[in-house]
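Comments concern the structure below.
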Amino acid sequence: MIRRRFIRISSLGAAGVFFGGSLPMLTGCMKNHDSMEDMMMGEPVPVTEGSFTDALSFPGIQSNNASLVAQPTSGGLYNGNKLAGYGYQSNGILGPTLKFNSGESLSVNVQNNLPEATNIHWHGLAAPADMDGHPTALIQSGASFNYFFPVNQRASLYWYHPHPDKKTGEHVFKGLAGLMVVNDPEEAALNLPSGSDEILLVIQDKRIMADSINYSPTDSEIMTGYMGEFVFVNGVYAPFHTVSTKQYRVRMLNGSNARVYNLALSNGAAFSIIGSDGGLLPSSETVNSVLLGPGERVDLIVDFRNNTVNDEVFLISKTFDGGDVQGTQEFKIMKFVVTLQESDSFVLPSTLSFITFLNESAATKTRSFDISNPHGMGHGGHITGSGHNIGGKTFDATRIDEYITAGDIEVWTFDNSMGGEPHPMHLHGQPFQILDRTNGSGTIQPHEKGLKDTVNVMPKEIVRVIVPFGSLLGTFVFHCHNLEHEDDGMMLQYQMS
């Protein structure tokens, strides 16, 4: 993918072309559209539903002293056929699920058998700067690297994926990703559904060409994010999974490059949200849907006790107001088939977890970041060298954009008030809490009432978060987790000292 290739000023006149005193119009790259606006904004990519006849599969589990091999491979399942892509193990896209106890040390050796450099970012974990998977800290082709650091995190569902500059989108889309589960005594004491009653799901959309996962975004797809027609769960296209008439803990990652999902059940049944990115919420909240942006996770209790044997319930994505290309279609993702009548004695505790919520009066500094990127414009309407930026700046590994004092508490504002696309903003190394939303829903959503590492900032919204910076020193990044936006330059660096 070639960065910064979208913005081209039309040569119609020495001073450019203006319409009613507006900023210069920019040329796009999509053909056969009726207007410049269409060319710049792209189009929705409709999802093609499958037959839901292939069984859901689950990646293997590894614990400490794990070994991952990034490699071209054939894996996944698409209409009964395996696909050529990338994986962390032979004969499979996605990697094993890594399980740790809080307080243990992560030790994972990564061998790079790809024809190009890669690395791993431990999304959600507070990893030291030299272990975090900085976009320039690469494992060259044929080389290996051992990641080693203590996992001092709350119990939650985290994930790992490559993070090389300009190549993150391609590597993740082709299959390089995996889940991490961290356990701790607070969560264990709740006796939540476990074993076969705990279902871990990675939801991703893919494009397929000649039995291969195809990654070839056009310029307009770099602007919107690369979306696929086929939705996979745990590497299987349109799968089914059998359940009994009881309650399940269902933990989900939106592992897609760009697609946002408005998750719900096809029968309209409510479910309970018990946690998100950074672990359990203080108490559960009952909802009928949850909007999940790329990189976000959600922890649910799904109740099948009111169903009968042979019932079929689909996990679906409902329509939503997602800006220029998102949320235009309702579609099915996977099918649950009730096959067994079974009693269930689990009672969801009224209190789940204790979280110290921060008041913004504790903040010593505030920072504001313009992430609107209206048609490739930067801060103040200035044309930038890239279609995506933060405050008019794009990623430069030689430049530190923000200097942070370790231990400080800060308020960060992500301003998408002039934008037409969702921007899931992810901060490396530091969990945060959401203070408020302006415009859009105007409220903090149920799954956002805990610790987060990624916040989905919808079109026209302004979101403020409060960040309690820890003691990890060094250089980290923060960026949009629409991976095409990130690769296109929507990423900056902060230095902790």
Side-chain angles (χ1 to χ4, degrees), residues 43-58 76-81 83 93-94 173 177 199-208 213-214 225-245 247-273 287-294 296-322 325-339 422 447 456:
E43 295 179 331
V45 177
V47 166
T48 301
E49 294 180 352
S51 58
F52 302 97
T53 55
D54 287 322
L56 180 70
S57 66
F58 298 93
L77 203 61
Y78 170 69
N79 293 336
N81 299 316
L83 297 169
I93 60 173
L94 299 180
F173 198 86
I199 304 171
L200 305 181
L201 304 178
V202 181
I203 303 172
Q204 299 174 303
D205 55 345
K206 304 291 184 187
R207 290 197 196 178
I208 310 301
I213 299 173
N214 177 41
Y226 195 60
M227 285 173 264
E229 300 93 339
F230 308 104
V231 179
F232 285 64
V233 183
N234 294 357
V236 180
Y237 171 51
F240 75 89
H241 185 63
T242 60
V243 294
S244 302
T245 55
Q247 299 168 86
Y248 289 81
R249 185 181 188 184
V250 181
R251 308 171 77 175
M252 292 185 280
L253 159 71
N254 180 352
S256 295
N257 279 30
R259 192 180 288 277
V260 177
Y261 301 94
N262 188 17
L263 298 169
L265 297 173
S266 59
N267 61 357
F271 46 84
S272 297
I273 296 180
V287 300
N288 294 97
S289 64
V290 57
L291 194 69
L292 208 63
E296 290 188 293
R297 287 88 68 205
V298 68
D299 195 346
L300 309 176
I301 298 295
V302 179
D303 190 349
F304 294 101
R305 287 177 298 177
N306 292 327
N307 292 99
T308 58
V309 172
N310 296 323
D311 277 357
E312 296 182 349
V313 180
F314 289 89
L315 176 66
I316 66 173
S317 181
K318 300 171 66 176
T319 59
F320 60 94
D321 183 7
V325 301
Q326 295 266 21
T328 61
Q329 177 193 11
E330 180 175 306
F331 54 85
K332 298 171 182 175
I333 296 173
M334 67 169 290
K335 180 172 68 175
F336 294 101
V337 182
V338 181
T339 58
H447 69 292
N456 194 30

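Along the sequence shown, residues are numbered consecutively beginning with 1. Only a predicted model underlies this, so the values are computations on that prediction, with no experimental measurement involved. Heavy-atom basis, side chains included; hydrogens, waters and symmetry copies ignored.
- Counting heavy atoms of neighbouring residues, nucleotides and ligands inside a 6.0 Å radius, atom CG of Asp321 does not exceed 12 of them.
- Within the 3.5 Å criterion, the main-chain N or O of Leu200 finds a donor-acceptor partner in the side chain of Asn234.
- Between the side chain of Asp299 and the backbone N or O of Arg251, no donor-acceptor pair lies under 3.5 Å.
- Ring orientation note: the planes of Tyr248 and Phe304 are nearly perpendicular, at an angle over 60° on the 30°/60° scale.
- Residues Thr319 and Gln329 share a closest heavy-atom pair of CG2-C, 3.6 Å.
- Checking side-chain atoms of Ser256 against main-chain N and O of Asp205 turns up a donor-acceptor pair under 3.5 Å.
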Applying side chain to side chain contact (heavy atoms under 4.5 Å, CB included), run through Ile203 and Leu263 and close with a yes or a no.
-> CA-CA 11 Å; Ile203 303 172; Leu263 298 169; 4.1 Å; yes
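- Closest approach of Val260 to Pro294, counting heavy atoms only: CG2-CD, 4.0 Å.
- Side-chain N or O atoms of Asp54 include none that pairs as donor or acceptor with a backbone N or O of Tyr78 at under 3.5 Å.
- Taking the six-membered ring for Trp and the full ring otherwise, the centers of Phe240 and Phe52 sit at least 6.0 Å from each other.
- Residues Val231 and Tyr237 approach most closely at O-CD1, 3.4 Å, considering heavy atoms.
- In this structure, Asn262 contributes its side chain and Phe320 its backbone to no donor-acceptor pair below 3.5 Å.
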